[in-house]
Structure formats: C-alpha cells, structure tokens
Amino acid sequence: MVKEAVLNGKLTAKTKPVEADVFIIAVPTPVKDDKKVELSYVESATQSIIPHIKKDNIVILESTSPPGTTDNIVVPILEKSALKAGRDFMVAHSPERVLPGRIMQELVENSRIIGGIDDKSSQAVRKVYKTFVEGEIFLTDAKTAEVCKLMENTYRDVNIALSNELAKICENIGVNVWDVIELSNKHPRVNLHMPGPGVGGHCIAVDPWFLIENQEETARVLKLCRDINDSMPLYVYEKIKNILAGSNDKKTICILGITYKPDVDDIRESPILKLMEIINEENKLDYRIVDPHVKNINNLYEDLYEAIDGSDLLLMAVNHSAFKNIEFKKVMELMKEPNILDTRNFWGDSGLSEKGFSYYLLGNGR
Ligand SMILES: NC(=O)c1ccc[n+]([C@@H]2O[C@H](COP(=O)([O-])OP(=O)(O)OC[C@H]3O[C@@H](n4cnc5c(N)ncnc54)[C@H](O)[C@@H]3O)[C@@H](O)[C@H]2O)c1
C-alpha cells in the first residue's frame, strides 16, 4: 500500500516539515531512566512546524502524552508563530491506538477519540479522520483524550500485574494459575489477563508512568503494578537458578524469543532484555538466543537446534508462532539436560513431561 501511494504521487517523505493543511505529530514519547517523560521530541517537532503554520491549519498530536501536553506545551510553542490557537489555527490530541502487527487494519477500523482545545478544533479534526476512519469517532477535550489513552494501557498493565501476582500465589499454594484463569474467565464479567516474564513495549510498560508522574502519593496501585511487572524477569531468573541448582558447573540456557511480544520485531523495553542483563550481571549462566524476527543481538543463533545443542534449559520467553513446529524428539537428543521452563503456557498441554522432559510452567504450583 505504501509503495502504491508513493508511486502514484500521493505520499512523499521529507526530513523537514513543509507547508500543509494538516500537521500530525507522531514522534516518540519515551520515559527517561528516572521514569519521567521525555517530551523533547514533541517539543522539537512542534517547533519545526512554526515556520510553516498559517491561518486555518490543523495541528494534531497523536503521540501518547502526559495530561496537559497539548494545552500547555504544544499550543504555547505554536503560538510563537504569532498566530492564535483556536482563533487562527486548530489543535487537538487524537491518541493512536493501533496494535503493532495489525496497524494498517486498525488505523481504519478502530474507533478514535479526538480531544480538541475547543469545539471548533474537535469538529475540524473529526473531518480529517473521517476521510479514512471507519470506526466511531468520539469528541472530547484535549486533556481527557490524553488521560483516556494513558488509562487504556494502564488498565492492561494493572491487569497483567494482577495475573503475575496470582501466578506467584498459585505457585506458593500448589495451584495451576492457567487453569484458574481459564475457569475464572468463564464468568461473564471477569477478564483475567495472562501472566508472563514481564511487560515490555513502548506503550504498556511506559504509559502508566505518565499518570504516576507528579501523582506519587495518589497513584499507588499504578506504581505497585509497574513494580510487580518489572519484578518478573528477576522472578524468572530465580526459577531458572532453582531448576539448575545442584551443580557448580556453568550451565547453558537457550532462550526462545527476545521481543516484547509475539510475532513482532520490536525489542523496546522487552523484559527478556532485562533478563539478559541480570544473567550478564550475575555471570553464572551462559545463554543463547533464538528469535527469527530479530537481528544483530549478542549470542543470537539463526539455527534453533544449533542453539539448543548442549544446553541445560530451554526457556520459552516469547510465544512466536514460528516456535510452534519445534521437533521435541530432536530437542531431547540435543539437550544436555532436558529442562524446559515455559513462561507463556505455550506447551502446557502437549505432554512434554511424558516425553521425558522436566517441564516447568510459570504459575503452576502443582
Ligand atoms: N507504534 C504504535 O503502534 C503506537 C501505538 C499507539 C501509540 N503510539 C505512540 O505514537 C508515538 C510514536 O510511536 P512510534 O512507535 O511511531 O515511534 P517510532 O520511534 O517508531 O517513530 C517515531 C518517528 O518520529 C520521528 N521523529 C523523532 N523526532 C522527531 C522530530 N523532532 N521531528 C520529526 N520527526 C521526528 C522519528 O524519526 C521516527 O520516524 C509514541 O508516542 C507512541 O507511544 C504508537
């Protein structure tokens, strides 16, 4: 689709803004090491529009942003142009909610929230999105739109933390968390999320911090859930150590998947990177990584079976579809010790224990 748009002249790319009717700002909004938002990309992108902005233009901030960014940062920068927001040009926040992997589809089909700095802005921006959005469009103010986007991802972070905590509880009391989740979710008003080795990506692991910032006294659940999810790589590392305890030899583990979620090539904020950091710091294990979606990572093996050869533990870290066709007979022959730790319930019911593996499942205390 991009190629076609470029070939027929409908899409051109430039490294600097040019005159336009509508400017959409969709630059990164990461957190810094201190978990405070980094807004310099939004500031410089907004700044770069100033020489080109003219009467009746529309500026849309799509970047996920802390409450007040549109009103208190974007608007004052744009008004350095001597034009007045609301009177001379229109501004709104319309958060992007596409799911990586389904972006082209969701850009069109998802519903959209438009938070204008005033009603005129909301109505004008609505017309822009109406040209391609088939989902419903909801109008509100800029700050409400900013909080909606942040809360959507925070909701998911909190629910994943709930399930990660439940997984730990189930291990302690001898229950399988995956059975609990499956059965509890039969309740019409319950939707437990999936536990795992942590939460990554540039959205769910980041956005709660925008609500926590300057609200530390109040945003206690949010902060605790961030901490619970961030604790999972260490929790997985401890499990690996326990499984491999009993000998002083340096053991080798083979890690399947390093991205922040299945079937994408994005490693931003991936909890598996954190796990690798812990392994490197502790220096008690050797590791090899297999990830068909990723290139240029230390210890990355292209061939799955070469990576497994001589290893003491196979870690299912990211449930990429490509790992569905693993030949366990071959794996059994190659592994030094046939230990498997599955953090995703990827192989839960496939009888690996019966095949001779020591199969450990995160959250299974049975
Ligand atoms: N990718 C998604 O699926 C997704 C989904 C929802 C929300 N978001 C939000 O959208 C925003 C962008 O995310 P992304 O994944 O597209 O980021 P990205 O890093 O993939 O792309 C951002 C682009 O911005 C450009 N850029 C950086 N500074 C600039 C500047 N000063 N002027 C002009 N361009 C500049 C970069 O070169 C890059 O091409 C973030 O706030 C993110 O949270 C993204």
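As the structure lists them, so they are numbered: ligands from 1, and atoms in each ligand from 1.
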Please state which protein non-hydrogen atom is closest to [atom] and give its distance, to 0.1 Å?
atom                    : answer
atom 15 (O) of ligand 1 : His202 NE2, 3.3 Å
atom 5 (C) of ligand 1  : Val98 O, 3.5 Å
atom 28 (N) of ligand 1 : Tyr41 CD2, 3.6 Å
atom 19 (O) of ligand 1 : Pro28 CG, 3.5 Å
atom 7 (C) of ligand 1  : Glu96 O, 3.2 Å
atom 18 (P) of ligand 1 : Arg268 NH1, 4.2 Å
atom 43 (O) of ligand 1 : Thr64 OG1, 3.2 Å
atom 34 (N) of ligand 1 : Val27 CG1, 3.6 Å

Basic-acidic side-chain contact under 4.0 Å: [X], [Y]:
X      : Y      : value
Asp286 : Lys250 : yes
Lys330 : Glu333 : no
Glu171 : Lys239 : yes
Asp141 : Lys143 : no
Glu152 : Arg97  : yes

For ligand 1, the portion of Ala26 having any non-hydrogen atom under 4.0 Å away: backbone
Is Glu43 touching ligand 1 with its side chain, its backbone, both, or neither, if touching means heavy atoms under 4.0 Å apart? neither
Per-atom contacts, ligand 1 versus [X] - under 4.0 Å to a heavy atom:
X      : answer
Lys149 : 6 (C), 7 (C)
Pro100 : 3 (O)
Ala45  : 30 (C), 31 (N), 32 (N)

Would Phe328 and Phe357 count as a close aromatic pair, with their ring centres under 6.0 Å? yes
Give the C-alpha distance, both sets of side-chain angles, the deciding distance and a yes or no for side-chain contact (heavy atoms from CB on, under 4.5 Å) between Leu273 and Ile258. CA-CA 7 Å; Leu273 291 178; Ile258 193 179; 3.7 Å; yes
Does Gln47 come within less than 4.0 Å of ligand 1, judged by its heavy atoms? no
For atom 40 (C) of ligand 1, is some protein heavy-atom partner under 4.0 Å away? yes
Taking Thr140's backbone N and O only, do any of them form a donor-acceptor pair with Thr144's side chain (distance below 3.5 Å, no angle check)? no
